[in-house]
Protein chains: 2
Amino acid sequence: MTSQDDDFDPRDFLPYLLNRAADASSLEFQAIYKARYGILRTEWRVLFHLGLFGGMTAKEIGARAGIHKTKISRAVARLEQRRFLSRTRDRRDRRRETLALTGAGRAAYNDLRDVARDYDAALVGDLGTEEAERLRAMLRQLTRGRS
Amino acid sequence: MTSQDDDFDPRDFLPYLLNRAADASSLEFQAIYKARYGILRTEWRVLFHLGLFGGMTAKEIGARAGIHKTKISRAVARLEQRRFLSRTRDRRDRRRETLALTGAGRAAYNDLRDVARDYDAALVGDLGTEEAERLRAMLRQLTRGRS
DNA sequence: AGCTAACAGTTGAATTTGTAACTAACAAGC
DNA sequence: GCTTGTTAGTTACAAATTCAACTGTTAGCT
């Protein structure tokens, strides 16, 4: 497959384009949750997994979101400090602790979910509804089996 | 625009899907340039801009790639240490220095460009050629005006 | 029971990044 | 020529991330 020709422009490289679009599209939203709740990207992700699925362990969040356990551990500690979540140690298996949002955590989740919805709508507006759906499908496919 | 309904699933959020696909699709390639040349992502990006466009200043690379000048500065320093690039201070404006790949730098660029081409082809294989072109166009559009 | 391996989660040290302040060089106005 | 403002690039310090080693707990095997 490897060729000698000089006909490949790395600016077209999909991982490059994906990274740039990901960075660009995250920037504004990131500024919002940082300003409103003083949280970082990993913390927002933990928040949204708990908001969406209810109680989960750190391990499960990491597995679903593709985030390393040390990052989760530190994000959970900070969210706990800010009283956005609480931990409950499992009776059956005392290594595991189930995480759940507090009232404040759920309020933040609901707020940010709404902001995300609006922001997503703006992006979809740029692309057209049908194209945006195509995009989501392709992004899921690229992630599947590779993460 | 903001709604009270509960009908938005953050797993569909485009920045989230973009970030996951970007991470997933970068991982393998990242492992390759790290293992072969001991370089990081920003260093690879600097390398590929220089390989593609020839001599440029750090500022220009940063502007084109959307990378902050401090990251560029450190990436350039490391690439210089590894003898992948050399600097030439401009006669006309002695604040500026033009960067250019050395022989070793060009060899690394050529090698990695080929790897990138093959890797890109594998991703395109997953999506289909036409869909992949659509994807690139959408990613460029999302980046445009937002970065 | 006693031993070993695996697992959930945390922590410390080294690396990397981000923010702001800095140096050196140029440019424009007076 | 001298001030003031801007620019290219670097650096210092704080914050975040990674990697490996660690604690405490469970499960399996003999």
Side-chain angles (χ1 to χ4, degrees), chain A residues 19-20 22-24 26-28 30-31 33-35 37-47 49-50 55-82 85-100 147, chain B residues 19-20 22-23 26-27 30-31 33-35 37-47 49-50 55-82 85-100 147:
Chain A
N19 273 294
R20 294 215 55 185
D23 287 353
S26 298
L27 209 73
E28 253 182 88
Q30 192 168 11
Y33 57 63
K34 192 174 174 184
Y37 302 104
I39 60 178
L40 305 172
R41 201 171 63 132
T42 306
E43 290 154 45
W44 150 245
R45 287 204 186 171
V46 168
L47 191 75
H49 275 82
L50 290 174
M56 297 178 83
T57 67
K59 181 92 193 291
E60 282 174 303
I61 296 173
R64 283 189 200 256
I67 303 177
H68 194 266
K69 61 180 180 173
T70 62
K71 268 172 104 173
I72 300 276
S73 173
R74 284 167 168 135
V76 166
R78 277 183 293 218
L79 287 170
E80 191 187 26
Q81 275 193 325
R82 287 167 214 272
L85 64 76
S86 62
R87 318 183 192 221
T88 320
R89 180 116 359 228
D90 277 22
R91 286 264 186 294
R92 307 286 172 92
D93 183 344
R94 300 215 326 284
R95 288 170 302 183
R96 300 156 51 100
E97 46 192 20
T98 301
L99 308 169
S147 184
Chain B
N19 273 295
R20 296 218 52 186
D23 286 354
S26 298
L27 209 73
Q30 192 168 11
Y33 57 64
K34 190 174 175 184
Y37 301 103
I39 61 178
L40 306 171
R41 201 170 63 132
T42 306
E43 290 153 46
W44 150 244
R45 287 203 187 170
V46 168
L47 191 75
H49 275 82
L50 289 174
M56 296 177 85
T57 67
K59 181 91 193 290
E60 282 175 303
I61 296 173
R64 283 189 199 256
I67 302 175
H68 194 268
K69 61 180 181 173
T70 61
K71 268 173 104 172
I72 301 276
S73 174
R74 294 194 258 239
V76 166
R78 277 183 292 217
L79 287 170
E80 190 187 27
Q81 274 192 326
R82 286 167 214 272
L85 64 75
S86 62
R87 317 185 193 219
T88 321
R89 194 151 295 271
D90 277 21
R91 285 267 186 292
R92 305 285 172 93
D93 183 344
R94 301 213 327 282
R95 287 170 304 184
R96 299 157 52 99
E97 47 192 19
T98 301
L99 308 169
S147 185

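Letters go in sequence order (proteins before strands), and every chain restarts at 1.
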Main-chain N/O of [Y] paired with [X] side-chain donor or acceptor, under 3.5 Å:
{"X": "Arg89(A)", "Y": "Arg94(A)", "result": "yes"}
{"X": "Ser73(B)", "Y": "Lys69(B)", "result": "no"}
{"X": "Asp90(A)", "Y": "Arg92(A)", "result": "no"}

Taking any atom under 4.0 angstrom from a heavy atom of chain A, which nucleotides of DNA chain D are the first and last to qualify, 5' to 3'?
dA16(D) to dT26(D)
CZ/Arg91(B): more than 12 non-hydrogen atoms of other groups inside 6.0 Å:
no
By side chain to side chain donor-acceptor pair (under 3.5 Å), which residues pair with Thr88(A), not counting sequence neighbours?
none
Does any part of the side chain of Lys59(B), heavy atoms only, come nearer than 4.5 Å to the side chain of Ile72(B), both counted from C-beta?
no
Closest-nucleotide mapping onto DNA chain D: is Asp93(A) or Thr42(A) further toward the 5' terminus? I mean the 5' end.
Thr42(A)
Rounded distance (nearest 0.5 Å) linking atom OG1 of Thr98(B) with atom CG of Leu50(B):
10.0 Å
Working to the nearest 0.5 Å, report the span between NE2 of His49(B) and CH2 of Trp44(B).
10.0 Å
At under 4.0 Å between heavy atoms, what does Arg41(B) touch on the DNA or RNA strands: base, sugar-phosphate, or nothing?
nothing
Under 3.5 Å, which protein N or O atoms sit close to an N or O of nucleotides 9-16 of chain C? Give each pair with its distance.
from    : atom 1 : to       : atom 2 : distance (Å)
dG9(C)  : OP1    : Glu97(A) : N      : 3.1
dG9(C)  : OP1    : Glu97(A) : O      : 3.4
dG9(C)  : OP2    : Lys59(A) : N      : 2.8
dG9(C)  : N7     : Lys69(A) : NZ     : 3.1
dG9(C)  : O6     : Lys69(A) : NZ     : 3.1
dT10(C) : OP1    : Arg87(A) : NH1    : 2.3
dT10(C) : OP1    : Glu97(A) : OE2    : 3.4
dT10(C) : OP2    : Ser73(A) : OG     : 2.7
dT10(C) : O5'    : Ser73(A) : OG     : 3.4
dG12(C) : N7     : Arg74(A) : NH2    : 3.2
dG12(C) : O6     : Arg74(A) : NH1    : 3.2
dG12(C) : O6     : Arg74(A) : NH2    : 2.9

